[in-house]
J.: 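Dumping the structure here so I can ask a few things about it.
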Amino acid sequence: VKRRANIAATHKKQRKERLDHWEPRIREALSECNNSRREAAGLLGIKYSYLFRLMGQLRHGVNWSREYPNCFSRPQK
C-alpha cells in the first residue's frame, strides 16, 4: 500500500513539473503567433495534438479560450 502511494505521488510530482515547464512556453508561443495553435506548436517544436493535450491538462489553471482566443472562437454567453 505504501509503495503504491509513493508511486502515485511520484507520478503526480513529475506531471506537475512537466506542466510547470510547458505553461510559460505555451503562453509565449501563442503570444508570438497571434494565438494560432498550429503555428505555436511548430514554434515549440511539438506536434499540434501534443499542444492540445498539454492545454487540456492545464485547463484547470488557465482559461485558454478567454486568454488566447483564436480567429475561429466566438464570445460565449
Side-chain angles (χ1 to χ4, degrees):
V1 175
K2 183 178 179 184
R3 182 172 188 273
R4 185 178 178 108
N6 286 342
I7 290 171
T10 299
H11 285 289
K12 186 175 181 180
K13 180 181 174 187
Q14 289 173 343
R15 179 179 181 198
K16 182 175 178 358
E17 289 173 355
R18 178 174 43 89
L19 295 177
D20 288 344
H21 167 81
W22 279 109
E23 183 179 352
R25 288 167 176 76
I26 293 171
R27 288 179 181 271
E28 184 178 328
L30 285 171
S31 296
E32 288 181 21
C33 297
N34 197 22
N35 299 339
S36 169
R37 274 80 165 135
R38 195 166 297 278
E39 290 179 21
L43 183 68
L44 291 168
I46 60 176
K47 290 184 177 184
Y48 180 66
S49 58
Y50 186 59
L51 175 65
F52 266 85
R53 180 178 173 193
L54 288 170
M55 289 172 70
Q57 291 173 351
L58 288 165
R59 73 175 176 262
H60 300 292
V62 182
N63 187 341
W64 295 106
S65 59
R66 182 175 294 140
E67 293 183 35
Y68 299 96
N70 61 11
C71 61
F72 301 109
S73 62
R74 59 185 176 82
Q76 302 293 319
K77 291 183 178 179

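Heads up: numbering here begins at 1 and tracks the sequence. No experiment lies behind these values; they were computed from the predicted model shown. Heavy atoms only: backbone and side chains are in, while hydrogens, waters and symmetry mates are out.
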J.: Which heavy atom of N35 sits nearest to which heavy atom of P69, and what is that distance?
T.: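 N35 and P69 have their closest heavy atoms at ND2-O, 2.9 Å.
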J.: Could you report the tightest heavy-atom contact between R25 and H21, atom names first, then the distance?
T.: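 Heavy-atom minimum between the residues: NH1-O, 2.6 Å.
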J.: Could you identify which residues cluster with M55, counting Ile, Leu, Val, Met, Phe, Trp and Tyr as linked when any side-chain heavy atoms lie under 4.5 Å apart, either directly or through a chain of such contacts?
T.: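 In the cluster with M55 are L19, W22, I26, L30, L44, I46, Y50, L51, L54, L58, V62, W64, Y68.
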J.: Test of understanding: with side chain to side chain donor-acceptor pair (under 3.5 Å), list the residues that count as partners of N70, not counting sequence neighbours.
T.: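 Testing N70 for side chain to side chain donor-acceptor pair (under 3.5 Å), a comparison that skips the adjacent residues, returns none.
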J.: Could you list the donor-acceptor pairs under 3.5 angstrom formed by side chains in residues 3-12, with sequence neighbours left out?
T.:
residue: T10; atom: OG1; partner: N6; partner atom: O; Å: 2.9

J.: What salt bridge (charged side-chain N to carboxylate O under 4.0 Å, His left out) pairs are there with at least one residue in residues 63-73, not counting sequence neighbours?
T.: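 Residue pairs with at least one partner in residues 63-73: R27-E67.
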J.: Suppose we screen for salt bridge (Lys or Arg N to Asp or Glu O under 4.0 Å). Which residues come up paired with K16, at least two apart in sequence or across chains?
T.: D20
J.: State, yes or no, whether a side-chain contact exists between R15 and R18 at a heavy-atom distance under 4.5 Å.
T.: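 Yes - at least one pair of side-chain heavy atoms lies under 4.5 Å apart.
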J.: For residues 31-50, which residue pairs qualify under salt bridge (charged side-chain N to carboxylate O under 4.0 Å, His left out), counting only residues two or more places apart or in two chains?
T.: none
J.: Using the side chain to side chain donor-acceptor pair (under 3.5 Å) criterion, which residues pair with K13? Sequence neighbours excluded.
T.: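 For K13 there are no side chain to side chain donor-acceptor pair (under 3.5 Å) partners, ignoring immediate neighbours.
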J.: Quick one: list whatever passes side chain to side chain donor-acceptor pair (under 3.5 Å) with S65, sequence neighbours left out.
T.: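 Applying side chain to side chain donor-acceptor pair (under 3.5 Å) to S65 gives N63.
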